[in-house]
Each structure stands twice: as C-alpha cells, then as structure tokens.
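Take a look at the structure set out below.
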Amino acid sequence: MCDSQRRSVCYLQAYQGSMSKHTMASESVIQTEFKFTGYGKNYVKLLYLRRDGDIHFVKELEVSTELTLNNVKDYTHGDNSDIIATDSQKNTVYVMAKQHGVKSAERFALLLCEHFLRKYRHVTRAKVYIEEAPWKRMEIGGQQHVHAFLLSHEAKHVCEVEQYRDERPTIWTALSGMKVMKTTQSAFKNFVSDEFRTLPDADDRLFCTIVQCKWWYNTSAVNFERAWEGVKSIILEIFAGPADRGEYSPSVQNTLYLTAQKVLEKMPEVEKVYINLPNVHYFGVDYNRFPKIDFVRNDDNVYMPTDKPSGNINATIARKPKSRL
Ligand SMILES: O=c1[nH]c(=O)c2[nH]c(=O)[nH]c2[nH]1
C-alpha cells in the first residue's frame, strides 16, 4: 500500500471506529474495511479565452476531479449529507475558471485542489487530472496570428495534482504521443547471442518512437508552461542531436537515460522522471526475394512500417538524495 492510500485508510478507519455499533449497517452480514474511496466528475470540458487587446489566448481543457471524505456514511448508510455532488464539482470547475482564469493546466489543478480542501472541512483529499487540447497560434505569412489557432497533434500535455489535507500537493505532468523518427545515427549490436537470436547486429538503422514522458515536481513554484516546453526540447535535442550531423545512439535504452539525465540536470524543480520509448519497427524489404527482377542499383531504401509489435523500453529515474557527509 502506498503512503497516500495508507493516509486515506487512517481517515476512514477513524470514522468507522467512531460510529456506534447499531449504526454499522454491514455488521450482521460481513465485516468490511474501506481501503479507499473517491468520487468526482470526469472530463469536464472547458474552453477559456483571455483577451489582451487584440491578442487572444486560449486554453481548452478536460478536467477530472476526485474527492475523498473523512467518512463513508454515503457508502454504508445511504446518508448523502456530506456529498459534494459530482455535478457541483463540475460547476466548481466553471466558476473557478471564470473567477481566477486558467494560467496553466497545473496552476488550475492546484487552485481546484486548494479550493475543495479549504471550502469543505470534511474533504481529506482532492485530486484533479487535466488533459489539455494542443492549440497553437497560427502563423500566417511568417507572423503569429492574434486570434487564430491550429490544433497541433505533435504531443499531448496532461497533468495531475493530488493534495491531502495539511500536506503539500504532489504534482506531475506528462507529455505523450510525440512520434519522432531519425533515419541514421542509431545502432543496436552486441546483445545476447544465443539460440533464440535471429536479429543481426545493426550499425546503422532507422529509429522511430512515440515518446511518453512523465515527471514529478518537488515544488509548485514553477512556470509550468515553460517547463513542459523545456522537457519537450530536451527530448527532441537528445533524440536528434545537432541539426547538421545528429547524435549516435547505441540503443533506445541509452537515449532514454541521456534524456532523463538531461531533464534532471536542467530542471531542478523536477524530482523524478518516467520515460517510455517504444521501439517502432520499420523492416527493410528484402529485394533478394525477387530474383527475376533486375533492380536499379541505388542507395535508396524501402521499409515496411509496422505498428505492432513494438519494443517496450521504459525507466523511472530520480534525483539521488544528497549524502549527509
Ligand atoms: O535499442 C534497442 N534496444 C533493445 O532492447 C532492442 N531489442 C531489439 O530487438 N531491438 C532493440 N533495440
């Protein structure tokens, strides 16, 4: 059981323990223990528009809320008197967006958690998960448009804030669905050579992946928008290397590690990073299988793109605690 679950069980057990015997609905049937409860509204859709003169800013979000209460009488006794309806949670999202604006998904999630904990004393935990639609300002004639936007499918930005009463919030952000490819400067060789191996050593191969990266902050004093763009740039720079010559990768594993290391080096506000780099395979077509065709000899290559199976390579890497010496 993780720390946060343990905390919740304590809250719930404290309440169960304080209930008088004759109110324990389940007593005559079976003894039960609540491990966890949570309820909220999923995917509340919201478009926030801010006008700064002629220049407009948009944030389109899907917000999911979840609350845990200091009692379980709604579950055990059908007593709804402490329930903050999921409908009211949805309304809260719209009210807070209008009152405070949406500066970033993370800031808005922090604001909502704080609000739920401050307003309702019987809420012991609040969690807000947000997915952001990737609107980008249009560029027309090389100039940024003041009020026209294009939905970019480059990468998805999601985040989650979870906060227990009297504790600091835990905040993570993720970037996902970013498909990248390089056509050289990737190799894979010298791996286990036994009776199961058919894959030859590759000195020069094509490397394609769909990046998923999730990172945990150690503070809320962060420019979240800039941090997300910062992680994205690091991922691209490590993957691609310098524009004129690239960077050699001996394996997906090594590229993944170098990326995580750079994120932790460049961003002191990040404590831990998870990266998943599926190895999306492109198999070369074997033209020796067409002996009757006289092929033009050239250096061009033809591949068969495959979506499944893909290699699954991931790691979670954290900052090492400083030794006290
Ligand atoms: O970079 C790679 N890592 C692997 O673990 C692996 N396994 C495989 O078949 N191809 C690759 N490529």
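Ligands are counted one by one from 1 in listed order, and the atoms in each one are counted from 1 as well. Reckoned from all heavy atoms, side chains included, excluding hydrogens, waters and symmetry mates.
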Neighbouring protein residues of ligand 1 - any heavy atom closer than 4.0 Å
F188, L199, R205, S251, V252, Q253, N279, I313

Strictly by modelled atom types, are S186 and R205 linked by a side-chain donor-acceptor pair under 3.5 Å?
yes

Quick check: closest heavy atoms across I210 and P278, and the distance to 0.1 Å?
O-CD, 3.1 Å

Just to verify, what does Y94 make a side-chain contact (heavy atoms from CB on, under 4.5 Å) with, not counting sequence neighbours?
V44, L46, K90

Output side-chain donor-acceptor pairs under 3.5 Å for residues 141-151, partner residues at least two apart or in another chain, one line each.
from : atom 1 : to   : atom 2 : distance (Å)
H145 : ND1    : H147 : N      : 3.0
H145 : ND1    : A148 : N      : 3.0

Determine, for R197 against D201, whether the closest basic-nitrogen to carboxylate-oxygen distance falls under 4.0 angstrom.
yes

Kindly write out the residues that satisfy ring-ring contact (aromatic ring centres under 6.0 Å, His included) with H281, not counting sequence neighbours, or none if the list is empty.
F283

